[in-house]
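FYI, side chains are in, hydrogens and waters are out, and symmetry mates aren't considered; it's all heavy atoms of this structure.
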Number of protein chains: 2
Amino acid sequence: MDWNLDDGRPIWTQLAEQLTRLIVSGEYPPGSRLPAVRELAEDAGVNPNTMQRALAQLEADGLAASNRTAGRMVTEDRVVIDTRRRDLAKKHIAEYLTAMAQLGYSAAEAAELLREGEK
Amino acid sequence: MDWNLDDGRPIWTQLAEQLTRLIVSGEYPPGSRLPAVRELAEDAGVNPNTMQRALAQLEADGLAASNRTAGRMVTEDRVVIDTRRRDLAKKHIAEYLTAMAQLGYSAAEAAELLREGEK
DNA sequence: ATTATTGTATTATTCAGTTAATACAATAAT
DNA sequence: ATTATTGTATTAACTGAATAATACAATAAT
């Protein structure tokens with residue numbers, strides 16, 4: 001997969017976000033097993049330590065838990081996952097509106113431009 | 001003013017973005033004089049070197065130019081400014097749609113949620 | 001003419017993020 | 001029982017971002 005590690009923010013932060021997206025979008029279903037730390041790290045082209053840090057964040061968020069040698073599992077709690085999905089959506093909506101407002105676009109204009117696709 | 005230096009990205013990047021917003025939104029009109037580097041730095045609570053770096057970016061973008069001791073002026077070229085404003089808007093639109101798509105929301109849903117405000 | 005203010009450049013230091021190279025304990029797989 | 005794989009921890013080194021402390025040249029203001 002394409003990990004898209006572009007902007008200047010810490011890599012482990014971006015990795016955590018990416019993993020979170022994979023979970024809330026269902027590509028890593030509830031209760032499923034995540035790839036091993038070393039495997040994920042190689043796939044993303046980062047140091048295992050960096051990936052470990054990202055995964056630690058996922059655990060802190062309650063999205064995953066590790067069973068030591070049995071690997072790491074996505075939480076079975078769909079409420080946690082869905083809540084996270086909705087919260088992220090709300091965050092993106094707010095950020096979009098704020099960004100557009102700072103450019104001088106009203107909320108109505110911001111919504112209208114979305115419908116047009118671009119311009 | 002509130003500079004909102006929050007996320008983990010380099011501060012000079014965020015400063016440049018903030019200054020750009022002030023210009024494209026018209027708070028720093030075309031041809032007007034920008035505050036001195038040291039003044040801006042103090043206001044933002046950052047080192048003058050860091051603010052200088054942000055301003056260098058603005059010049060590279062053609063949004064401002066320095067007249068040595070006469071201070072630094074916003075470009076008079078309204079086309080440059082307006083183009084930049086539109087490009088930033090397009091970027092935010094694309095980013096919003098991408099972010100929502102990664103969460104599993106269609107473009108229609110993303111637009112709908114905007115209209116509802118939240119949920 | 002003198003002074004203050006401007007943008008700019010330089011050097012050193014600190015700090016967080018990242019990589020690297022291991023090491024260890026637990027346990028699934030054989 | 002042995003081996004391989006798992007998550008985890010540790011230490012060192014490197015890098016870029018940021019701060020700090022200056023310094024300098026140009027010129028507007030006095």
Rounded at 0.5 Å granularity, tell me how far CG in Leu114(B) sits from CE in Met100(B). 7.5 Å
Atom-to-atom span, CH2 of Trp12(B) to P of dT19(D) - whole angstrom: 14 Å
Using a distance-only test with no angle check, is there a side-chain donor-acceptor pair under 3.5 angstrom linking Asp43(B) and Trp3(B)? yes
Establish, with yes or no, whether the OP1 or OP2 oxygen of dA9(C) is under 4.0 angstrom from a side-chain nitrogen or oxygen of Arg68(B). no
dT8(D), OP1 or OP2 - any side-chain N/O from Arg72(A) closer than 4.0 Å? yes
side-chain contact (heavy atoms from CB on, under 4.5 Å) evaluation trace for Gln102(B) with Gln18(A): CA-CA 9 Å; Gln102(B) 285 175 329; Gln18(A) 204 73 25; 4.1 Å; yes
How many whole angstroms separate atom CE of Met51(B) from atom P of dA9(C)? 17 Å
Residue pair Asn67(A)/Asn47(A) against DNA chain C: nearer the 5' end by closest nucleotide is Asn47(A)
Of the candidates dT8(C), dT8(D), dT27(D), the side chain of Thr69(B) sits closest to dT27(D)
Ile11(A) CD1 - dC14(D) P separation (whole Å): 19 Å
Is a donor on one side and an acceptor on the other found under 3.5 Å between the side chain of Gln14(B) and the backbone of Arg9(B)? yes
Where the side chain of Ser66(B) is defined as all heavy atoms beyond and including C-beta, which of dT8(D), dT8(C), dT19(D) is the nearest nucleotide? dT8(C)
Within the pair Thr50(B) and dT19(D), is there a side-chain N or O less than 4.0 Å away from OP1 or OP2? yes
Could you state the CZ-C1' distance from Arg9(A) to dA17(D), rounded to the nearest angstrom? 17 Å
Donor-acceptor pair, side chain of Arg38(B) and main chain of Pro48(B), under 3.5 angstrom: no
Answer yes when Arg21(B) and Glu17(B) have at least one side-chain N-carboxylate O distance shorter than 4.0 Å, and no when they do not. yes
First of Thr13(A) and Ala70(A) reached from the 5' end of DNA chain C, by closest nucleotide: Thr13(A)
Let me know the distance between CD of Gln52(B) and P of dT11(C), rounded to the nearest Å. 16 Å
Would you say the side-chain atoms of Asp77(B) pair up with the backbone N or O of Val80(B), donor to acceptor, closer than 3.5 Å? yes
Can you tell me how far CG of Leu55(B) sits from CD of Gln57(B), rounded to the nearest 0.5 angstrom? 10.5 Å
From CZ of Arg53(A) over to C1' of dG17(C), roughly how many Å is that when rounded to an integer? 7 Å
Rounding to the nearest 10°, end axes of the helix from dA1(C)-dT30(D) to dT30(C)-dA1(D) built from five pairs each make an angle of 20°
Transitively linked via ILVMFWY side-chain contacts under 4.5 Å: Leu22(B) with Tyr105(A)? yes
Output for pair (Lys90(B) NZ, Asp87(B) CG), nearest 0.5 Å, gives 6.5 Å
Closest to the Asn49(A) side chain: dA17(D), dA21(C), dT19(D)? dA21(C)
So which of residues 27-42 of chain A are in contact with DNA chain C, with a heavy-atom cut-off of under 4.0 Å? Arg38(A)
Grab the CE-C1' distance between Met73(A) and dT27(C) for me, whole Å please. 13 Å
Leu55(A) CG to dT6(D) P, straight-line distance once rounded to whole Å: 13 Å
